[in-house]
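This report refers to the structure that appears directly beneath it.
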Amino acid sequence: MTYNFNEIEAKWQKYWAENQTFKAENTSDKPKYYVLDMFPYPSGAGLHVGHPLGYIASDIYARYKRHKGFNVLHPQGYDSFGLPAEQYAIQTGQHPAITTETNIATYRKQLDKIGFSFDWSREVRTSNPEYYKWTQWIFIQLFESWYNNNTNKAEHIDTLIAKFSSEGNTNINAVCDDNVISFTADEWNNFSSEKQQEILLQYRLTYLAETEVNWCPALGTVLANDEIVNGVSERGGHPVIRKKMTQWSMRISAYAERLLQGLDTIDWTDSLKESQRNWIGKSVGASVTFNVKNHDETIEVFTTRPDTIFGVSFMTLAPEHELVTKITTPEQKADIDAYIQATAKRSERDRMADVKTISGVFTGAYAEHPFTKEPIPIWIGDYVLAGYGTGAVMAVPCGDQRDYDFAKHFNIDIPNIFEGVDISQEAFADKDNTIITNSDFLNGMNYKKATKRAIFELEQIGQGEGKTNYRLRDAVFSRQRYWGEPFPVYYVNGMPQMIEQKHLPITLPDVEKYLPTESGEPPLGRADVWAWDTQSNQVVSNDKIDDKTVFPLELNTMPGWAGSSWYFFRYMEEQANRGNTFASEEALQYWENVDLYIGGSEHATGHLLYARFWTKFLKDRNFVGVDEPFKKLINQGMILGTSAIVYRVAGTNKYVSSGLKNDYEVEELRVDVNMVNASDEIDIEKLKQWQPQFADAEFELEDGKYIVGREVEKMSKRWFNVVNPDNICEQYGADSLRLYEMFLGPLEQAKPWNTAGITGVHGFLKKLWKLYHQGEDVNLKNDPNFYLHDPKKDGVYSAFKAVKRGIGLPDVEPTKDNLKTLHKTIKKVEEDIENFSFNTSVSTFMIAVNELTTQKCTSKAVLEPLLVLLSPYAPHITEELWSQLGNTQSIATAPFPKFEEKHLVESSKNYPISFNGKMRFTLELPLDMSKDDIEKTVMAHEKTQEQLQGRTPKKVIVVPGKIVNIVG
RNA sequence: GCUGAAGUGGUGGAAUUGGUAGACACGUUGGACUUAAAAUCCAAUGGCCAUUAUGGCCGUGCGGGUUCAAGUCCCGCCUUCAGUACCA
């Protein structure tokens, strides 16, 4: 009976599906545990071996937790809205819904082959109208909320309206637009409806505003900050420019402090928390108001160093600052205009590329120092960013290197306000060793004291206050795309109106072309049926728009992160009960939040931040009961591809083997890795068929082989280094794939894939199989019965073999060695799983199986628990052996074996003895020996050694040190 | 520049609180079994030296330090990867 993994795996995958083995229940006596993967975007390329890494890890943990007696929720779904499907639609004209459907089917098929314990009955797809109905609903809730700084949470907009009409807005402490006007209750009540809506929009948690956005002409869409890498789009690497557009935004800045504080309550890696902290970018300091001389204007700046206020010798405004045109003197106007134009032309990328070049222009205007009343020249310079703080800085050249460089470059005065510090070469930015001087009332103070005093004095004269600034910007929520959630919004006189919940979902309309226009007109602008009828409450044809009862609908769609910001709540509800809520109160209360979340670190400042934001919002409005969505988070590392390279002699059609490449001038070409064997030898026949250019090529071999070069890089179709998990499952089985992916190295680390190594774990599984089918070796050829059976009929043959060597060996009492091996393994595997070091437990299994094989262990009391330990890693083979041992229930329900220390206890142990740190001899001592006896024994041996080695040891230590130390 | 992580054989990687560095696996070499191949099994495998045998010396990026004892702790460097960046 051989280990037929294909048969076994298909059998048990079918069994699990039919018996709904992994279906989670929303009520249970057991404690709950929620294990979640970041759901995949189903691309057309399908899965490669890198994708399932995190899923395997989470699956091991989920299965382990089931053995440990938890009610485990382990769902899976698809993040199915997004750009690639739309790009494909643009190219082929195929509706993205259709390609998405096809891709999902492929993904599902591939995932099923790996034997995950997903509860598919809870699947979600973000592009499914029944799902995005609730994404739209959450959007409406955000629209109907404002952030109350006094209660420090979001509240329904009605409570704000009530306050407005009873007391106006002067005493309201809310997160809102900077430009909001002050009004009394009377004024509010007399405002027109439009005016009221306009004001409320400045308070809502999602709002419509003219914002400067990152516009990517090539993609025809707006990108969020986290979708831009080095000034170009993350996807495709297209240039990005700044552009003003009316967009929906999310007031995530209201949650900046809570998003920061919340990090202390969750179990994430330090590096990930640190990225979020940096992204939120809290800085504590002061805002200072400078009056502009000869103008009725003020400039507000943010500074983290109010203690250096007397060191200000100039101010710099961002070129985009609105005051620039107002204060520039006629003499300077030409220069300023030229500079502004030049800056506007430069892309974000150019601006970042030459950080070194110092540029700027004097406006001709002067501000007035709040304390000394001295004139301060006002400059503009592109080192000041319009998007951070107030877009203006008070420049303290002696304390800030950029200000210093700027001052040096333009010969501006550099007053020194630091005692005993030389600033002739560079600025002095060390806060901790600062004593302020030349600064009036701040003289002699350190950083801390001076800061406090400076803020106090600024407040006294009404020209500043302590302020905390965050780098976190409000998130733009509009995309000029087709394949995304439509907004549940229509416009009356230009003011957005929400469609009532009972009329949701608003489904995507059909359009002729999916391409956005260069000018930024969204694809939904092409839809003929895309207007809202407030009478019939349905979407109707555009030509019915009459501005009385039929109104235009929003043309933008939501960004990719909309659907992924709450999907983990959707899984909590079983599909059958999802009708009336996004998840029922009972389900939300039971499952609370995700206990373990596994996914890539690339989502650190995108998805993970937005999901935390929405969760906090939903909690504020009492829709969910938790403040943080993901208690523990692990980032799995990427699995890299190992590309294969052939070397073509330049200008010829001759290819030389890797070892000979230095003899020629060669070009490197990447070829399909699947044609290369474990020893880097390529199959030339396959290569010739692979691409026509190789068909009649000449090959120069070494030792009769063509050896390829290797390069480790990202797994990608364009490098021909993609390894398909289906092929691995076919050839070695899913259990081998699962074990091998874990065996490759630590989960969180990036590592290259190398198919050759899989024979190690595959061999282990074969050995395991043998261990459970051991017995006397029977020479079938000499067995007369052999000829009674038809060896070609596998069933008969196998049955014969099974009787002779089968699993039905007599059960015997386990030996001490058997139990030691087992309990050693239990201990290690349990520790490993709890620490997510799955790679080392694979080794532990290998050792255990080798030991038990040597021990010829046939005891059920050892073989059964061993299967349970291994079952999270290799679920198929363990199910099969488990059932062969006579169990009728799935192994998934078996309890995790209990570790017993007593089986590891030994009567004596070899202790190495060290002399001056060098190991000289070992001593076998009973474990329960007293300290005195040990000392005596050691001294005796010391004497012997002294004679043997002819030298006197100074100190003798018996290790392990915690047992005894003898110093003498 | 800042933040985070990491440097161990030919390779992936192990190594409890500091306690026999290199587990386990790949690869390589040799052997067994085969007409042969595959599969399987056995042995060797950090470097250098020595050998009849026991063995000896050097070794965890570099330079110091603490300690009876350092891959592990401390100080100072170097390198790599990841994230972030005129953030006032």
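Numbered from 1 within each chain, the chains take letters A, B, ... in sequence-line order.
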- Query: Is a side-chain donor-acceptor pair under 3.5 Å present for A:Thr289 with A:Gln463?
  - Reply: no
- Item | Spacing of the P atoms in B:C33 and B:A38 (rounded, Å) | 16 Å
- Item | Options B:G4, B:C26, B:A25, nucleotide nearest the side-chain atoms of A:Ala756 | B:C26
- Message: Without decimals, in angstroms, what is the distance between A:Phe764 CZ and B:C24 P?
- Response: 14 Å
- Should A:Lys766 be listed as having a side-chain N or O under 4.0 Å from OP1 or OP2 of B:A39? no
- Message: Without decimals, in angstroms, what is the distance between A:Arg471 CZ and B:U84 P?
- Response: 9 Å
- Query: With rounding to whole Å, what would you report as the distance between B:C42 and B:U35 at their P atoms?
  - Reply: 22 Å
- Considering heavy-atom distances to RNA chain B, does A:Tyr740 or A:Gly763 have its closest nucleotide positioned more toward the 5' end? A:Tyr740
- Query: Parallel, tilted or perpendicular for A:His607 and A:His603, by the 30°/60° rule?
  - Reply: perpendicular
- Select base, sugar-phosphate, or nothing to describe what A:Thr759 touches, counting heavy atoms under 4.0 Å on all strands. sugar-phosphate
- Under-4.0 Å side-chain N/O to phosphate OP1/OP2 contact, A:Arg402 with B:C87: yes
- Task: Have a look at B:G9 and give me syn or anti from its glycosidic angle (syn if within 90° of zero).
- Result: syn
- For atom P, what is the distance between B:G7 and B:G55, given to the nearest Å? 32 Å
- With P as the reference atom in both, quote the distance from B:G76 to B:G4 in angstrom, rounded to an integer. 15 Å
- Message: I'd like the P distance from B:U16 over to B:G71, given in whole Å.
- Response: 13 Å
- Task: For B:G4, give its Watson-Crick or G-U wobble partner with both distances under 3.5 Å, or none.
- Result: B:C81
- Between the side chains of A:Asn754 and A:Thr642, does any donor sit under 3.5 Å from an acceptor? no
- Taking atom P in both B:G18 and B:A88, compute the distance separating them and give it to the nearest angstrom. 39 Å
- Query: What integer number of Å spans the C1' atoms of B:G63 and B:U45?
  - Reply: 32 Å
- Query: Considering every strand shown, what is the Watson-Crick or G-U wobble mate of B:U20 when both distances are under 3.5 Å?
  - Reply: none
- Message: For the residue pair A:Arg612 and A:Trp268, would you count it as a cation-pi contact if the rule is NZ or CZ under 6.0 angstrom from the ring centre and within 45 degrees of the ring axis?
- Response: yes
- Item | Counter-base of B:U54, judged by Watson-Crick or G-U geometry with both distances under 3.5 Å | none
- Decide whether A:Asn835 and A:Glu831 meet the rule of one side-chain donor and one side-chain acceptor closer than 3.5 Å. no
- Task: Quick one: sort the A:His823 and A:Phe899 rings into parallel, tilted or perpendicular, breaks at 30° and 60°.
- Result: tilted
- Item | B:C48 and B:A37, which share atom name P, separated by this distance in whole Å | 32 Å
Where do N or O atoms of nucleotides 5-13 of chain B meet protein N or O atoms at under 3.5 Å, pair by pair?
from  : atom 1 : to       : atom 2 : distance (Å)
B:G12 : O2'    : A:Leu744 : O      : 2.5
B:G13 : OP1    : A:Gln749 : NE2    : 2.4
B:G13 : O3'    : A:Asn839 : ND2    : 3.4

- Query: Taking CD from A:Glu831 and C1' from B:U16, how many angstroms apart are they, rounded to a whole number?
  - Reply: 8 Å
- Applying a 3.5 Å limit to both distances, which nucleotide forms a Watson-Crick or G-U wobble pair with B:A70? none
- Query: Is A:Lys282 touching bases, backbone alone, or none of the nucleic acid, heavy atoms closer than 4.0 Å?
  - Reply: nothing
- Message: Would you say the rings of A:Tyr740 and A:His762 are close, in the sense that their centroids are separated by under 6.0 Å?
- Response: no
- Message: Check for me whether the distance between the ring centres of A:Phe314 and A:Phe406 falls short of 6.0 Å.
- Response: yes
